[in-house]
There are 4 protein chains.
Amino acid sequence: MFDGERDGRLQRLVNSAKRSFATRGFHATSVSLIVQEAGIARGTFYLHFDNKLHLFQSLLDSSLQNLTDQIKPISLEPGDPHPLEQISDNLTRVLDLVLADRDLSAILLNQTSSMSEVVESRLYDFYQQVADMIESSLVLGISVDLVRPCDTRLVAYSLMGSVKEVVQQMIIAPREEANVEETVQELLAFGLRAVLKEGQMSFLHERDRSRTAGVKAGR
Amino acid sequence: MFDGERDGRLQRLVNSAKRSFATRGFHATSVSLIVQEAGIARGTFYLHFDNKLHLFQSLLDSSLQNLTDQIKPISLEPGDPHPLEQISDNLTRVLDLVLADRDLSAILLNQTSSMSEVVESRLYDFYQQVADMIESSLVLGISVDLVRPCDTRLVAYSLMGSVKEVVQQMIIAPREEANVEETVQELLAFGLRAVLKEGQMSFLHERDRSRTAGVKAGR
Amino acid sequence: MFDGERDGRLQRLVNSAKRSFATRGFHATSVSLIVQEAGIARGTFYLHFDNKLHLFQSLLDSSLQNLTDQIKPISLEPGDPHPLEQISDNLTRVLDLVLADRDLSAILLNQTSSMSEVVESRLYDFYQQVADMIESSLVLGISVDLVRPCDTRLVAYSLMGSVKEVVQQMIIAPREEANVEETVQELLAFGLRAVLKEGQMSFLHERDRSRTAGVKAGR
Amino acid sequence: MFDGERDGRLQRLVNSAKRSFATRGFHATSVSLIVQEAGIARGTFYLHFDNKLHLFQSLLDSSLQNLTDQIKPISLEPGDPHPLEQISDNLTRVLDLVLADRDLSAILLNQTSSMSEVVESRLYDFYQQVADMIESSLVLGISVDLVRPCDTRLVAYSLMGSVKEVVQQMIIAPREEANVEETVQELLAFGLRAVLKEGQMSFLHERDRSRTAGVKAGR
DNA sequence: TATGAATGAGAGTTCATTCAT
DNA sequence: GATGAATGAACTCTCATTCAT
């Protein structure tokens, strides 16, 4: 979405809006500012969007959709990659996406309140869905005796919160040495230990073997 | 702060501001609204605060101060309570405070951007300090071989994020059965497993013995 | 209405609005213009009226009310003045009022369309009521064989139209010699001849006798 | 005018403009709306008219010209139809025209103010000319002792006002049974009685005789 | 001729802030 | 201290008009 016409007015409009929404927030971003930074006329804004809120919602929706597309439920079907691999891939894709468009991501993380109810509930619903997916995985893990019994909702929120915070910090003040692969491994190590049943930590190492095997096979 | 004059104009002003900032956000909260809900005159507002932003900053500062007061660094001095006890107490105090003034807490969690740079950096600094404290504890734990080696900054953010998210969910949609003590125990179980060195999980149980002992001794 | 505070801001506001609405019409009258001519600040406008339309409606309502108050149904009760006298008095009062506030009257006559439906139907209803009253009088007159049989609705509109047009011309380009009493007599002579039954024209002269008598008696 | 090219763009443009001006008024009719209803492009509008006002003026001028063409001065030349016949024919032609293009007529009656001075004075001049013609006839009638002495200007306005109001009501809410011929007869009966000298009412009946005669002779 | 994306002046309205009372 | 009428800068949005295609 918003990708055609490399340097058309619409593209410039969307980009300057994203940047300003991300850094200043919705209210502090005036239409005047957006069009000024985009180098277009005030009226042109309303050729493309009904109003400021509509533009914001478009950005939000497209952003949420992109994110949702990256997160795939963990599957235990035979032949599928190791669950750890799937989690890791999910995290990697999400971090890649988030870092690729920091402006958009900043909006997701910060603008939680005070524009329209529609926006608010859209964001709320999204995070609830993510929490739902995490919780499902936890329930599944408990049922196969891999995950320790716990308040699955609360733990789901905790896991989600860990990722959100790390992402936010990466966006705000990117650490030079930051590297997605390492970050994903740290997050995995953190999250898995937090939820796996004691004595199941060996689960962490299976993957390494299978990966090595896979790599060997791949050659 | 803001505590004298039980039902004076200032108190009413502050309360209605807190409520409105928390639910509507900074921008959607007009001075008109605040003074109207407080039942005072428009001009009176400016007798107490330079402007709307100043009031917001006052609330924020007082709130951050309160929180900071609740969080005590973990001490390993002999005679001090078990470190777990200290962490647990910190969490309990924070949750108690947060739930006692949801309005103020909502502000801390949501209004991250888009007013003044001062406000933004104040919040940023606060969270960095909290992360600093957590990180120090992690470093300490690693040095005594209790905590597994890890990217301490990233893990500190993860731990902080877990708590922030759980708190946010408790504020937004308080779960009926939610109870601070249980929440703290879940968070502890989550966080400790995530960072403790394998084989050190017995550390979790020491406390129970010492608590029981303490209770016995206390009688 | 709008009469207190001789030279207060509200009064200046209302006056300049009336003048501008009357001469430029509703759409060509901007709020900027009104406040500029009134010598007040833009925001002050909204202290007194919700918006431009609301101000216009207020003026219209107050104007219609004033007019309605001047028009009294013809009564044939014994002891009441001669019907002609009543008609004449009605006309005189209306003309006096209209000439006293030409701006407001111009609004009534010209601004028939294209603002809100509320305004439009308010004006429409008013003129229909006036036509209703005229028609009732005609029906009554026919029943006592004073008025010739006719399409009473059409004749009512004709009579109303005569007065409206004369009034409009008096407002637009006041004829120097114009004088309410003479105008009323001309309108009466016109209207009565138009509707009275042939041979009932003597009805016109009865009044003169009764007036003279009254004057004599008064001395 | 505007008659060539039956279904060309210009014709569609003019028609949709008329309709919209009549129902919404000048200001509430946007160029967007006109071109949209006409099914042509925005820019094409400006190929035919300098601007919105110019289009309105064109419509007004054409409309006024049409009306003017229908109104013929009363002639007393021997051999000409009876004066009443001429008045009646004038009225009939005007009503026919007005009812044939209600959109245009609505514009004439309602949009009296608030666009350009040119438009305003064009309308004003038109009505003054009509009043002039009526007044001339009155003066003539007085000179031959047919019409009662009166304030001829005021009576001219009254007569014009009668017709305008009846026309307006016919346009706004056409009465089912309304029929041009009957309406003309009612208006004539109204107007003649209002101005004829007492005792000259027989003048009204002469015509019937002459018409009957004419019809007879015509066969 | 015809198009419609682009323009920008200007409209109505809001609201943080001031100040005479 | 307390008031609230007054202010005016700044906002969102509209729309008549232009012009490159």
Side-chain angles (χ1 to χ4, degrees), chain A residues 5 8-10 12-13 26-36 38-55, chain B residues 5 8-10 13 26-36 38-56, chain C residues 5 8-10 12-13 26-36 38-55, chain D residues 5 8-10 13 26-36 38-56:
Chain A
E5 46 190 304
R9 282 171 169 77
L10 176 56
R12 296 213 307 278
L13 187 63
F26 179 77
H27 286 102
T29 295
S30 70
V31 174
S32 298
L33 200 76
I34 296 174
V35 297
Q36 192 179 310
I40 63 169
R42 194 175 285 247
T44 306
F45 180 97
Y46 294 93
L47 243 43
H48 297 290
F49 300 97
D50 290 344
N51 51 50
K52 195 173 72 157
L53 184 57
H54 178 213
L55 165 53
Chain B
E5 44 188 305
R9 284 174 166 77
L10 177 57
L13 194 60
F26 180 76
H27 286 102
T29 295
S30 69
V31 174
S32 294
L33 200 76
I34 297 174
V35 298
Q36 190 179 311
I40 65 167
R42 222 182 192 60
T44 307
F45 180 97
Y46 292 89
L47 249 40
H48 298 288
F49 301 96
D50 291 345
N51 51 47
K52 194 171 79 155
L53 185 58
H54 178 215
L55 165 53
F56 186 84
Chain C
E5 45 190 305
R9 282 171 170 79
L10 176 56
R12 298 212 307 278
L13 187 63
F26 179 77
H27 287 101
T29 295
S30 70
V31 173
S32 298
L33 201 77
I34 295 174
V35 298
Q36 191 178 310
I40 63 170
R42 196 175 283 252
T44 306
F45 181 96
Y46 294 92
L47 243 43
H48 297 290
F49 300 96
D50 290 345
N51 51 49
K52 195 172 72 154
L53 184 57
H54 179 213
L55 166 53
Chain D
E5 45 189 305
R9 285 175 166 73
L10 177 56
L13 193 60
F26 179 77
H27 285 101
T29 295
S30 69
V31 174
S32 294
L33 200 76
I34 296 174
V35 298
Q36 191 179 312
I40 64 167
R42 220 181 193 60
T44 306
F45 181 97
Y46 292 90
L47 249 40
H48 296 288
F49 300 96
D50 291 345
N51 52 47
K52 195 172 78 156
L53 185 57
H54 178 215
L55 165 54
F56 187 84

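Chain A is the first sequence line, chain B the second, and so forth, proteins listed ahead of strands; every chain is numbered from 1. The shown structure was predicted, so the numbers you read here are calculated from the model rather than taken from an experiment.
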Inset, instruction - Report the distance from atom CG of D/L33 to atom C1' of F/dT14, rounded to the nearest whole Å. - result: 14 Å
Inset, instruction - Could you pull out the closest heavy-atom pair between A/F49 and A/L10, with the gap in Å? - result: CE1-CD1, 3.9 Å
Inset, instruction - Quick one: look up who F/dT21 pairs with, Watson-Crick or G-U, both distances under 3.5 Å, and put none if it's unpaired. - result: E/dA2
Inset, instruction - From the options F/dA6, E/dA11, E/dA2, select the nucleotide whose nearest atom is closest to the side chain of D/T44. - result: E/dA2
Legend entry - Nearest-Å distance for atom pair NE2/P, residues A/H54 and F/dT12: 16 Å
Inset, instruction - In whole angstrom, give the distance that lies between atom CG of D/L13 and atom P of E/dA2. - result: 11 Å
Legend entry - Nearest-neighbour nucleotide for the D/A41 side chain, F/dT17, E/dG4, E/dA16 considered: E/dG4
Inset, instruction - Locate the shortest heavy-atom distance separating A/G39 from A/R12; write the atom from each residue and the value. - result: O-NH2, 3.5 Å
Inset, instruction - Using atom CZ of C/R9 as one end and atom C1' of F/dG4 as the other, report the distance to the nearest whole Å. - result: 13 Å
Legend entry - Length of the CD-P vector between D/Q36 and F/dC15, whole Å: 12 Å
Inset, instruction - For A/F45 and F/dT14, give me the distance from atom CZ to atom C1', rounded to whole Å. - result: 14 Å
Inset, instruction - Go through the steps to decide whether A/T44 and A/L13 satisfy the test side-chain contact (heavy atoms from CB on, under 4.5 Å), and finish with yes or no. - result: CA-CA 9 Å; A/T44 306; A/L13 187 63; 5.8 Å; no
Legend entry - Rounded distance in Å - NE2 (B/H48) to P (F/dT3): 9 Å
Inset, instruction - Report yes if some heavy atom in the side chain of A/V35 is under 4.5 Å from a heavy atom in the side chain of A/Y46; otherwise report no. - result: no
Inset, instruction - Among the candidates E/dT13, F/dT12, F/dT7, find the nucleotide nearest to the side-chain atoms of C/K52. - result: E/dT13
Nucleotides 18-21 of chain F: which of its N/O atoms have a protein N/O under 3.5 Å away?
none

Inset, instruction - Take the protein atom CG of D/L55 and the nucleotide atom P of F/dA16, then report the distance between them rounded to whole Å. - result: 12 Å
Inset, instruction - Tell me what B/S30 touches on the nucleic acid: a base, only sugar-phosphate, or nothing, going by heavy atoms under 4.0 Å. - result: sugar-phosphate
Legend entry - Nearest non-hydrogen partners of A/R42 and A/S32, listed with the distance: NH2-OG, 2.9 Å
Inset, instruction - Return the nucleotide paired to F/dG8: Watson-Crick means purine N1 to pyrimidine N3 with N6-O4 or O6-N4, wobble means G-U with N1-O2 and O6-N3, both under 3.5 Å. - result: E/dC15
Legend entry - Contact summary for C/D50 and C/H54, nearest pair of heavy atoms: N-ND1, 3.2 Å
Legend entry - Validation row: C/L55, C/K52 side chains within 4.5 angstrom (heavy atoms): no
Inset, instruction - Return the 5'-most residue of the pair A/T29, D/N51 with respect to DNA chain F, ranking by each residue's nearest nucleotide. - result: A/T29
